[in-house]
Amino acid sequence: MAKITYTDQQGNSKTLDVENGLSVMEGAIQNDVPGIDADCGGSMACATCHVYVEEKWLDKLPKAEEGEVDMIDMAFEPKKNSRLSCQIIVTDELDGLKVTTPEKQS
Amino acid sequence: MIKTDVIIIGAGPVGLFAIHQLGIKGLKAVVIDNLDKPGGQCIELYPDKPIYDIPAVPECTGKELTDRLLEQIKPFKTKFYLNERVEEVKTKDNSWSIKTNNNNEFIAPNIIIAGGVGSFEPRKLSLKDADKFEGKSIFYSIKNKDDFKNKNICIFGGGDSALDWALELSKSSKITLIHRRKDFRGTQHTLAEIRKLEKQGKIKIKTPFQLDNIEGNEKIQSITIKDESGKSEKIKTDIILSFFGLVMKLGPIAEWGLNMDKKNISVNPNNFETNKKGIFAVGDICTYPGKLKLILSGFHEVALASVECFKRARPNEKYKFEFTTSSKTIKDRLGKK
């Protein structure tokens with residue numbers, strides 16, 4: 001279990017307890033967090049679960065695989081700290097993770 | 001006006017299997033899809049990715065699954081209306097009438113919506129001014145390459161479309177290829193060609209840059225690109241080509257008065273009918289308690305929906321459940337002896 005904070009571009013934020021094994025995307029979808037669409041359902045095929053990860057967490061997350069980076073090319077306004085939230089799997093180590101959702105997903 | 005028994009919206013795997021389930025019951029169908037080929041997400045998003053959970057098919061790619069389904073529905077000679085989007089649905093004498101953006105009109109007692117997450121459309125540039133120039137100086141696809149001769153063209157994107165068009169158009173125009181990171185996705189061969197042309201000065205490559213501003217009134221004069229550190233550069237530009245893949249948009253379906261749950265259509269899990277009699281939703285687009293967005297769930301959903309379609313299309317006939325292994329009628333319909 002980890003506390004994950006989702007913040008939108010207006011600064012509204014929601015902190016949730018997300019079970020280990022779920023993705024950061026699933027944590028958002030199951031709790032109606034707006035700003036994450038996840039059109040493809042987590043198969044790394046659409047880039048609509050794109051989030052910006054708080055800088056200090058970037059190195060603590062397992063590195064994005066090539067397919068994820070390729071998909072981020074398609075995302076809305078990608079930055080250095082861009083990740084697909086469907087590819088970040090929650091573990092105890094991620095307790096306190098903060099992500100920001102982009103202005104829009106497509 | 002085209003009359004049929006069932007109008008299928010969406011030519012993804014579930015829409016294709018709908019043809020089969022309707023066909024063996026003797027029902028005629030037409031299929032409408034916004035893409036230029038059948039297969040839906042399987043063909044557009046993951047043609048080469050293996051799928052492992054199709055019953056009795058241990059492993060196949062999105063492309064292979066599509067090809068096999070097309071083979072399976074061959075006997076029914078169904079007409080596909082591709083590159084067409086359904087714009088309007090109206091009720092007409094206990095039937096439904098549909099109009100597409102290509103001005104085709106269909107009438108049928110049943111509509112099966114197998115629309116996945118919506119129709120695929122190019123992902124558009126997010127800059128405010130981008131709308132203003134779309135179709136004049138900004139393009140998301142190329143219909144006639146002769147329109148792109150002797151121009152200063154900036155191409156955005158790092159995938160096959162961006163690379164292939166950079167190669168092709170460099171024969172007659174000045175190309176700048178702009179991508180947000182140093183690595184491109186593309187075949188070794190294409191990448192080598194691009195690098196060769198870069199050395200010869202025929203293509204300029206700008207990485208890691210993103211579009212920051214568009215300058216111009218009626219036409220684009222120049223663009224400004226920026227990197228992560230804030231360094232910017234102005235490039236003389238006549239045309240922007242943007243290849244950031246496709247997004248899925250639900251589109252007009254959301255306005256048909258169907259009961260929706262977020263982006264999904266609520267259905268009765270007994271027959272996958274929506275709140276409108278004769279309109280069914282199957283596959284990823286439908287939702288009901290316990291729904292799983294799996295291709296195999298879609299196959300089941302469409303089998304049940306096709307029974308209800310039969311009852312509506314043939315109100316004077318009694319529906320008789322039959323097995324493909326033993327039914328002579330079905331074998332005839334499949335062209336088997």
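The model shown is predicted, which means the values in this text are computed figures rather than measured ones. Naming: A, B, ... by sequence-line order, numbering from 1 per chain. Side chains are part of it too, since the values below use all heavy atoms of this structure and drop only hydrogens, waters and symmetry mates.
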Problem - Within 6.0 angstrom of A:K63 NZ, more than 12 heavy atoms from elsewhere - result: no
Handout entry: Whether over 12 other heavy atoms sit under 6.0 Å from A:E19 CD
Key = no
Problem - Heavy-atom neighbours of B:K234 NZ exceed 12 at 6.0 Å - result: no
Practice task
Might you confirm whether atom NZ of A:K98 has over 12 heavy atoms from other residues, nucleotides or ligands at distances under 6.0 Å?
Solution key: no
Practice task
Heavy atoms only, distances under 4.5 angstrom: which of B:K293, B:E121, B:R185 has the most pairs with chain A? Name it, please.
Solution key: B:R185
Problem - Donor-acceptor contact below 3.5 Å, side chain B:E228 vs main chain A:K79 - result: no
Handout entry: Residues, nucleotides or ligands: over 12 heavy atoms within 6.0 Å of B:K63 NZ
Key = no
Side-chain donor-acceptor pairs of residues 208-215 of chain B under 3.5 Å, sequence neighbours excluded:
{"unit_1": "B:Q210", "atom_1": "NE2", "unit_2": "A:P78", "atom_2": "O", "d": "2.9"}
{"unit_1": "B:N213", "atom_1": "ND2", "unit_2": "B:E215", "atom_2": "OE2", "d": "3.0"}
{"unit_1": "B:E215", "atom_1": "OE1", "unit_2": "B:S222", "atom_2": "OG", "d": "2.4"}
{"unit_1": "B:E215", "atom_1": "OE2", "unit_2": "B:T224", "atom_2": "OG1", "d": "2.6"}

Problem - chain B contact via A:Q105 - side chain, backbone, both or neither, heavy atoms under 4.5 Å - result: backbone
Practice task
Kindly give the heavy-atom pair with the smallest separation between B:R180 and A:V69, and that separation in Å.
Solution key: NH2-O, 3.4 Å
Exercise for the section: Mind ranking B:E44, B:H179, B:Q41 by heavy-atom pairs under 4.5 Å with chain A and telling me who comes out on top? Expected result: B:H179
Exercise for the section: Give a yes or no on this: more than 12 heavy atoms of other residues, nucleotides or ligands lie within 6.0 Å of atom NZ of B:K226. Expected result: no
Problem - Residue part contacting chain A, namely of B:K124, when any heavy atom lies under 4.5 Å - result: neither
Practice task
Hey, could you give me the CG/CZ distance between A:D73 and B:F156, rounded to the nearest 0.5 Å?
Solution key: 13.5 Å
Completion exercise
In this structure, SG of A:C46 is separated from OH of B:Y46 (nearest 0.5 Å) by 11.5 Å
Handout entry: Closest heavy-atom pair and its distance - B:R123, A:A47
Key = NH2-CB, 4.3 Å
Handout entry: Pairs where residues 31-47 of chain A contributes a residue and the test side chain to side chain donor-acceptor pair (under 3.5 Å) is met, not counting sequence neighbours
Key = A:D32-B:K262, A:D39-B:K263
Completion exercise
residues 242-253 of chain B vs chain A, non-hydrogen distance cutoff under 4.5 Å, contacting residues -> B:F244, B:G245, B:V247, B:M248, B:K249
Problem - Residues that A:I89 engages under side chain to side chain contact (heavy atoms under 4.5 Å, CB included), provided they are two or more places apart - result: A:S23
Exercise for the section: Determine the minimum heavy-atom distance between A:E77 and B:S126, stating which atoms define it. Expected result: OE2-OG, 3.6 Å
